[in-house]
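Below: one structure, written as structure tokens.
Below, all heavy atoms of this structure are taken into account, side chains as well, without hydrogens, waters or symmetry copies.
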Amino acid sequence: MNPPILYVGTKLVVAEPMTRGTYSAYRGQPTLVAESGEDPGYLVEYRDGGKPNMPDRQGYVSWSPADVFERSYRVASGLPFGVALDALKLGERISRAGWNGKGMHLWLNKGSSETIPPHGPTQQLISGVDVRLFDLGDTGTITRLPNINMRAADGATVTGWLVSQTDMLADDWCVLP
């Protein structure tokens with residue numbers, strides 16, 4: 001038998017407090033004799049994969065004991081930067097409560113690639129970049145690397161936002177709906 005492997009994960013879940021008995025009734029299942037229906041816990045809905053297993057939910061639903069859930073998850077506000085960054089990598093928008101501009105937030109641009117067309121009458125790439133910026137005869141691919149962008153207070157986009165030490169050390173980050 002192989003030794004167990006330690007895993008660390010980041011998940012965004014929707015949860016609501018619910019006893020084991022209430023969860024069992026919701027699922028139409030009996031509470032096991034060895035379990036107490038009064039055990040505190042949470043109905044947990046995973047929306048990042050898997051088919052919904054209840055008709056009134058968007059994601060896969062399970063139940064977690066309160067102590068296990070509360071050690072694993074925290075409310076998606078008042079977060080340290082590292083946790084917010086993990087959410088950003090999952091495609092969520094993040095912001096700081098301490099930012100004074102309404103609507104300011106960050107998002108991840110996952111990057112892209114584009115083939116350089118043969119030089120000729122069309123002098124622009126799909127992105128609008130002039131092909132003459134590249135060496136004649138270059139027929140490779142242009143790759144734009146992933147980057148973090150910001151919606152500034154005036155609504156403008158800041159491409160390639162850089163985190164400050166103040167932002168990195170702040171614990172007021174939140175995941176936006």
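Side-chain contact between W107 and R151: present, with at least one pair of heavy atoms (C-beta onward) separated by less than 4.5 Å. Proximity of D86 to F81: side-chain heavy atoms (C-beta onward) are nowhere separated by under 4.5 Å. Put simply, the side chain of R96 reaches to within 4.5 Å of the side chain of T166, judged on heavy atoms. Residues W173 and D167 are in side-chain contact: their nearest non-hydrogen atoms beyond the backbone lie under 4.5 Å apart. Within the 4.5 Å cutoff, the side chain of V14 has heavy atoms near those of the R47 side chain. Inter-residue side-chain proximity for V44 and V61 is flagged as unmet; no heavy-atom pair is nearer than 4.5 Å. Proximity of R144 to S112: side-chain heavy atoms (C-beta onward) are separated by under 4.5 Å at one or more points.
Using a 4.5 Å cut-off between side-chain heavy atoms of Ile, Leu, Val, Met, Phe, Trp and Tyr, with links allowed through other members, V68 and L43 fall into different hydrophobic clusters. Residues L176 and L88 fall into different hydrophobic clusters, defined by Ile, Leu, Val, Met, Phe, Trp and Tyr side chains chained together at heavy-atom separations under 4.5 Å. A single hydrophobic cluster is not seen to contain both L90 and Y73; linkage of ILVMFWY side chains at heavy-atom distances under 4.5 Å, directly or through other members, places them apart.
Classification of the W161-W99 ring pair by plane angle, with boundaries at 30° and 60°, yields perpendicular.
Closest approach of E92 to L12, counting heavy atoms only: CG-CD1, 3.0 Å. When all heavy atoms of A87 and V175 are compared, the pair lying nearest together is CB-CG2, 3.7 Å. Here the shortest heavy-atom pairing between K89 and L108 reads CA-CD2, 4.1 Å. The two residues P146 and K110 have their closest heavy-atom pair at CG-O, 3.6 Å. Across all non-hydrogen atoms, the minimal contact from G101 to A153 is CA-CB, 3.7 Å. Contact between T31 and G21 at its shortest, heavy atoms only, is OG1-CA, 3.7 Å.
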For side chain to side chain contact (heavy atoms under 4.5 Å, CB included), just list the numbers for E45 and Y60, CA-CA rounded to whole Å, side-chain angles, deciding distance to a tenth of an Å, and then say yes or no.
CA-CA 6 Å; E45 182 178 350; Y60 182 84; over 6 Å; no
Run the side chain to side chain contact (heavy atoms under 4.5 Å, CB included) check on H105 and M150 step by step: do they pass?
CA-CA 6 Å; H105 62 269; M150 172 192 252; over 6 Å; no
Could you please spell out the steps behind the side chain to side chain contact (heavy atoms under 4.5 Å, CB included) verdict for F69 and V13?
CA-CA 11 Å; F69 181 86; V13 299; 4.2 Å; yes
Take T159 and N147 through the side chain to side chain contact (heavy atoms under 4.5 Å, CB included) test and state the conclusion after the steps.
CA-CA 8 Å; T159 303; N147 57 82; 4.1 Å; yes
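Other residues, nucleotides and ligands place no more than 12 heavy atoms under 6.0 Å from the CD atom of Q165. Within 6.0 Å of CG on N100 lie no more than 12 heavy atoms contributed by other residues, nucleotides or ligands.
Here the SG-CZ distance, from C174 to R93, works out to 10.0 Å after rounding to the nearest 0.5 Å. M18 CE to S64 OG: the interatomic distance, rounded to the nearest 0.5 Å, is 13.0 Å. Taking CG of L106 as the reference point, atom CG of N149 lies at 9.0 Å (rounded to 0.5 Å). Distance CD1/I94 to OG/S77: 13.0 Å, rounded to 0.5 Å. Atoms CD1 and CG, from I148 and L85 in turn, are 5.5 Å apart once rounded to the nearest 0.5 Å. Taken to the nearest 0.5 Å, the CG atom of D67 stands 9.5 Å off from the OG atom of S72.
At distances below 3.5 Å, not a single donor-acceptor pair connects side-chain atoms of T19 with backbone N or O atoms of P40.
A donor and an acceptor atom, one from each side chain of D56 and Y26, are located under 3.5 Å apart. Judged purely by distance below 3.5 Å, without hydrogens or angles, the side chains of Y42 and E70 pair a donor atom with an acceptor atom.
Salt-bridge formation is detected for the pair R57/E16: a Lys NZ or Arg NE/NH1/NH2 atom is positioned less than 4.0 Å from an Asp or Glu carboxylate oxygen.
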